[in-house]
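Note sheet for the following structure.
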Protein chains: 2
Amino acid sequence: MFEFLQNKINDTIIISDQEFEHAKTFFMPKKLRRKRFLLQEGDPCVYTCFVEKGLLRSFRIDDKGNEHILQFGMQGWWVADLYSFLTGEASEYNIEALEDSELLLITKPSWDQLLSELPVLERYFRILIQNNLIATQNRLMRNMTITAEQRYTNLLSEFPGISQRVPQHMIASYIGVTRETLSRLRSQISHQ
Amino acid sequence: MFEFLQNKINDTIIISDQEFEHAKTFFMPKKLRRKRFLLQEGDPCVYTCFVEKGLLRSFRIDDKGNEHILQFGMQGWWVADLYSFLTGEASEYNIEALEDSELLLITKPSWDQLLSELPVLERYFRILIQNNLIATQNRLMRNMTITAEQRYTNLLSEFPGISQRVPQHMIASYIGVTRETLSRLRSQISHQ
DNA sequence: CGCCGAGTTGAACTGAATCAAGAAACGTGG
DNA sequence: CCACGTTTCTTGATTCAGTTCAACTCGGCG
């Protein structure tokens, strides 16, 4: 259940098995079935979650009822609404399983305690968040500079196989176009 | 020269004066005059910079020659192209002073050493980057959901006084529209 | 079998970009 | 302190990418 987390942490910092065993005690394993929600808008985001297996998405619903996907959470990724998790305020995001998933959950109090007992993890999380920030800045700038078609092909090369795991209308709502537009882009691409 | 940095760090972590005095030795003060560049695209981003005074912007230029602003760096903010700074690869960003500015620069080797000698700063940077990530995710989602007009009024309320310090075409390139569009939005707003 | 969600296609519409031209503000040198 | 060029801002006409609305197909599933 904890293999992926251990691998991921060992990729960035040096941590003893003993320390990791201690870290494990702060997490709560949870299985979440496809189409079930870990977080619904209006509720506070109580958990930050590590995806050991499966696939999640975090998304918002705007005034017109359209979904906008912030993140796909694949194996080895962390998913949460950070702002709500840190402040305890109601979240504007939903987090839903797109496949039957195995998660490791941690609450804010546990996370605080984990970091104070194993300060070496500050570094792990700093680097994790740092990489996430770089990727998000990149996505932001690309949304301003490149066309929807380029964003689509970029997504496919960044997450190979995603189009087999995620319905197209969700891919559309990740790259920021309607399902109709993505459908048209795809037919253009396939006719050269 | 270091007052703002010390304040900012003390806002998030507990650090002794002694430790801060040691930290100071890793930074290089620099004055950068208006319209001068700290980083030009094609060069690696050698420094991460803390703005003690003044105003910077980081921006990209796309294929058509249009500028897109990633960040305004006001007093108390950190500015860099993180990816290039961490990897040493050529940057696609420019960093320019919009006002005569006083900066504190730190190189990658110094930063690594600083963090290993004062690991308490891991926490400071983790929280700093965390807040930056939240803000960037927010901006990304808002670019997908709300209109250019709302983004403009949001910007004005988030950075009061920015329209006095930054020319309008740069505000346009921050919110992701052309100068012409922003001009028209503004005239609509002022005629109710 | 009928229903429902997912995807496609068409036609009309719209917000913003582009192209173009002119007005206002700014700053630098004489 | 004025004159000149440069940068910034505005306004208009046209074009275009993407949305919206609507109808239809396809495949899975109770």
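Residue numbers begin at 1 in each chain, while the letters A, B, ... track the order of the sequences. Please read these numbers as outputs of a predicted model, since none were measured by experiment.
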Between CG of B:Asn143 and P of C:dA16 the distance, given in whole Å, is 12 Å

When rounded to whole Å, the CD1 to C1' distance for the pair B:Ile146 and C:dG15 reads 15 Å

TODO: Just do the side chain to side chain contact (heavy atoms under 4.5 Å, CB included) check on A:Arg151 and A:Asn143 with the steps written out, would you?
DONE: CA-CA 8 Å; A:Arg151 296 203 294 276; A:Asn143 275 325; 2.9 Å; yes

Side chain to side chain contact (heavy atoms under 4.5 Å, CB included) assessment of A:Arg139 paired with A:Thr136:
CA-CA 5 Å; A:Arg139 186 172 160 208; A:Thr136 307; 5.5 Å; no

B:Gln150 atom CD is separated from C:dA16 atom C1', nearest whole Å, by 16 Å

Inset, instruction - Taking the six-membered ring for Trp and the full ring for Phe, Tyr or His, determine whether the centres of B:Trp78 and B:Phe125 are under 6.0 Å apart. - result: yes

Are any of the side-chain nitrogens in A:Arg57 or A:Glu67 under 4.0 Å away from the carboxylate oxygens of its partner? yes

From NZ of A:Lys35 across to C1' of C:dA6 the rounded distance in Å is 10 Å

Atom OH of A:Tyr152 and atom C1' of D:dG18 are separated, to the nearest Å, by 17 Å

Given 3.5 Å as the limit, does a donor-acceptor pair link the side chain of A:Ser157 with the main chain of A:Thr153, or not?
yes

In whole angstroms, the gap separating C1' of C:dA16 from CD of B:Glu149 amounts to 13 Å

Next on the checklist: Tell me whether the side-chain N/O atoms of A:Thr178 come closer than 4.0 Å to OP1 or OP2 in D:dG18.
Outcome noted: no

| message | Check A:Lys31 with A:Glu102, please: is the shortest side-chain N to carboxylate O separation under 4.0 Å? | response | yes

To the nearest angstrom, the CD-P distance between B:Gln164 and D:dC9 comes to 12 Å

**Prompt:** Between C:dA17 and B:Lys64, is there an OP1 or OP2 to side-chain N/O distance shorter than 4.0 Å?
**Reply:** no

Give the C-alpha distance, both sets of side-chain angles, the deciding distance and a yes or no for side chain to side chain contact (heavy atoms under 4.5 Å, CB included) between B:Tyr47 and B:Thr107. CA-CA 5 Å; B:Tyr47 305 108; B:Thr107 62; 3.6 Å; yes

Of B:Arg34 and B:Val177, the one whose nearest nucleotide on DNA chain C sits closer to the 5' end is B:Val177

Rounded to whole Å, CD of B:Gln188 lies from P of C:dG15 at a distance of 9 Å

A correct 5'-to-3' footprint of nucleotides 7-12 of chain C, with B, S and - meaning base, sugar-phosphate only and no protein heavy atom under 4.0 Å, is SBBBB-

